[in-house]
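Encoded as structure tokens, the structure appears first; notes follow it.
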Amino acid sequence: MGPAGDTRLHTDLRRHLREKDIDRDLTRLICEIADASKYIVNAIRTGDLGMAGTSNLYGEQQLALDVLSDRILRKRLTHSGVVNTIVSEETSEVIKVETNGRGRFAVAYDPLDGSSLVDVNLAVGTIVSIYEGHDIMQPGRNQIAALYVLYGPRTTLVYTSGDGVYEFNMNHLMEYTLAQKVSRLAPSGSIYSPGGQRNLYSKGVEKFVSQLEEEGAKLRYSGGLVPDFNQILIKGKGMFLYPHLEGKPSGKLRLLYELNPMAFIMEQAGGAASNGKMRILDVQPEAIDQTEPIFIGCRKEVEEAEQLIAELG
């Protein structure tokens, strides 16, 4: 736990951001996203789970909830008055917002990550990446804030602005109150969440996963990035991986909407994030739909993955 002023339980999100002297415009933006999540969680609880009849940029069938969540977030970001550039995983283009020169931030987001899990009642989430300025195509190390909202048995919001990681719970009034300053990850963990078909792993990745199993690591994988990442973060140990695969050398997860914000949060909690060759936050984006392999979690395991991939491929 950090200083009492940072981690006082039941402090609401806006007050917490003020007490931490977070910039007024950034505070407004984070609170707008938090408000949008209240409408999204309500849609998840009560909404129609039927298909929207459209596909997103990547050929994935969109749930009606994907479309609605995207619309809710885009509207809140557009009307915040502080956002000049928006890019969503559900769209094929960068959207410029007219703010008469007042817009300071560029935002990339995945409105409902893991949406295919909704109809079987598994946890899903919203992921957001925030940059100062108009350029969204920056390495993730330039983020000024990142957050995710997990819609599970409880709704929680986890954010960083580069000064530690904080978790908030949504109460019965749908207000976010401070739960904790997240403790730093252990150097090594005993949980692993492996995505992708194992028979398509490279020799290096297969050796790495076999090594984890031999060391007694427990498999914990729901199929959703946000809940699996959250388990590792809050338990303070373990790693998530979705590696390069045979036929998918760049993996599956998107750099802008998923990996950069999660990597920023993980590093702020004392962990590490790599594409198997280099730090995720140092990767220069070349396209808004760019994907990268990901190994994220405790530093020891991330380093071991890099070593085995360098040796065996």
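With rounding to the nearest 0.5 Å, the separation of OH in Y242 from CG in L259 is 12.0 Å. Rounded to the nearest 0.5 Å, atoms OG (S190) and NZ (K235) are 9.0 Å apart. Note that the CE atom of M266 and the OG1 atom of T160 stand 12.0 Å from one another [nearest 0.5 Å]. One distance of note links CZ of R220 with CZ of F240; it measures 15.5 Å at 0.5 Å rounding. Note that CD of E246 is 8.0 Å distant from CG of N199, once rounded to the nearest 0.5 Å. In this structure, S183 OG and K237 NZ are separated by 13.5 Å, a value rounded to the nearest 0.5 Å.
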Quick one, K20 with D163, criterion salt bridge (charged side-chain N to carboxylate O under 4.0 Å, His left out). Give me CA distance, side-chain angles, the key distance, then yes/no. CA-CA 9 Å; K20 284 184 59 63; D163 181 27; 2.8 Å; yes
Checking E301 against S188 for the side chain to side chain donor-acceptor pair (under 3.5 Å) test, could you report, in this order, the C-alpha distance in whole Å, the side-chain angles of both residues, the deciding distance, and whether it holds? CA-CA 6 Å; E301 279 76 24; S188 181; 2.5 Å; yes
Is there a salt bridge (charged side-chain N to carboxylate O under 4.0 Å, His left out) between R104 and D23? Walk through the geometry before answering. CA-CA 11 Å; R104 291 177 50 197; D23 175 276; 2.8 Å; yes
Let me see the working for D25 and R28 under salt bridge (charged side-chain N to carboxylate O under 4.0 Å, His left out), right down to the final yes or no. CA-CA 5 Å; D25 288 341; R28 179 181 179 88; over 6 Å; no
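Side-chain contact between T126 and I40 is present, with heavy atoms from C-beta onward closer than 4.5 Å. Counting only heavy atoms from C-beta outward, the side chains of V158 and L233 approach each other to under 4.5 Å. Using a 4.5 Å heavy-atom threshold, the side chains of V107 and S129 count as separate. Between M262 and V226, some side-chain heavy-atom pair lies under the 4.5 Å cut-off. Put simply, the side chain of R279 does not reach to within 4.5 Å of the side chain of S274, judged on heavy atoms. Residues I280 and I296 form no side-chain contact, since every pair of their non-hydrogen atoms from C-beta on lies 4.5 Å or further apart. Taking 4.5 Å as the limit, some side-chain heavy atom of P111 sits within range of a side-chain heavy atom of L73. Residues D12 and L178 fail the side-chain proximity criterion, which asks for heavy atoms closer than 4.5 Å.
Heavy atoms from other residues, nucleotides or ligands lying under 6.0 Å from CZ of R141 number more than 12. By the neighbour-count criterion of 12 heavy atoms within 6.0 Å, atom OH of Y221 is densely surrounded, having more than that number from other residues, nucleotides or ligands. Residue Q211 places its CD atom among more than 12 non-hydrogen atoms of other residues, nucleotides or ligands, all under 6.0 Å distant.
When all heavy atoms of D113 and V124 are compared, the closest pair comes out as O-CB, 3.4 Å. Of all heavy-atom pairs between P139 and P285, the closest is N-CD, 3.8 Å. Across V302 and G297, no two heavy atoms sit closer than the pair CG2-N, 3.9 Å. When all heavy atoms of A273 and A263 are compared, the pair lying nearest together is CB-CB, 3.5 Å. Nearest heavy atom pair, residue G140 against residue Y131, reads CA-OH, 3.5 Å. Of all heavy-atom pairs between I127 and Y257, the closest is CG2-O, 3.3 Å.
Between the side chains of E286 and Q284, no donor-acceptor pair of N or O atoms lies under 3.5 Å. Donor-acceptor pairing under 3.5 Å is recorded for the side chains of H244 and S202.
Under the 4.0 Å criterion applied to side-chain N and carboxylate O atoms, R15 and E19 are assigned as salt-bridge partners. Using a 4.0 Å cut-off between charged nitrogen and carboxylate oxygen, K203 and E311 do not count as a salt-bridge pair.
M170 and V182 are members of different hydrophobic clusters when ILVMFWY side chains are connected at heavy-atom separations under 4.5 Å. Residues V149 and I232 are members of separate hydrophobic clusters, defined by side-chain heavy-atom contacts under 4.5 angstrom among Ile, Leu, Val, Met, Phe, Trp and Tyr. Y109 and Y151 end up in the same hydrophobic cluster when Ile, Leu, Val, Met, Phe, Trp and Tyr side chains are linked at under 4.5 Å. Under a hydrophobic clustering in which Ile, Leu, Val, Met, Phe, Trp and Tyr are joined whenever their side-chain heavy atoms come within less than 4.5 Å, directly or via other members, L112 and I95 fall into the same cluster. When the side chains of ILVMFWY residues are joined at heavy-atom separations under 4.5 Å, either directly or via intervening members, F264 and I30 end up in two distinct hydrophobic clusters.
Taking the ring centroids of Y159 and H16, they lie under the 6.0 Å cut-off. For F229 and Y148, the ring centers sit closer than 6.0 Å to each other.
Checked against side-chain hydrogen bond (donor to acceptor under 3.5 Å, both in side chains), D228 has the following partners two or more places apart in sequence or in another chain: S222. Contacts of D70 classified as salt bridge (charged side-chain N to carboxylate O under 4.0 Å, His left out), with partners at least two apart in sequence or in another chain: R74.
Tested against E213 for a salt bridge (Lys or Arg N to Asp or Glu O under 4.0 Å), the candidates K218, K207, R198 yield a single pass: R198.
Under a 3.5 Å cut-off, the side chain of N84 and the backbone N or O of G133 do form a donor-acceptor pair. In terms of modelled atom types and a separation under 3.5 Å, the side chain of Q138 and the main chain of D135 share a donor-acceptor contact.
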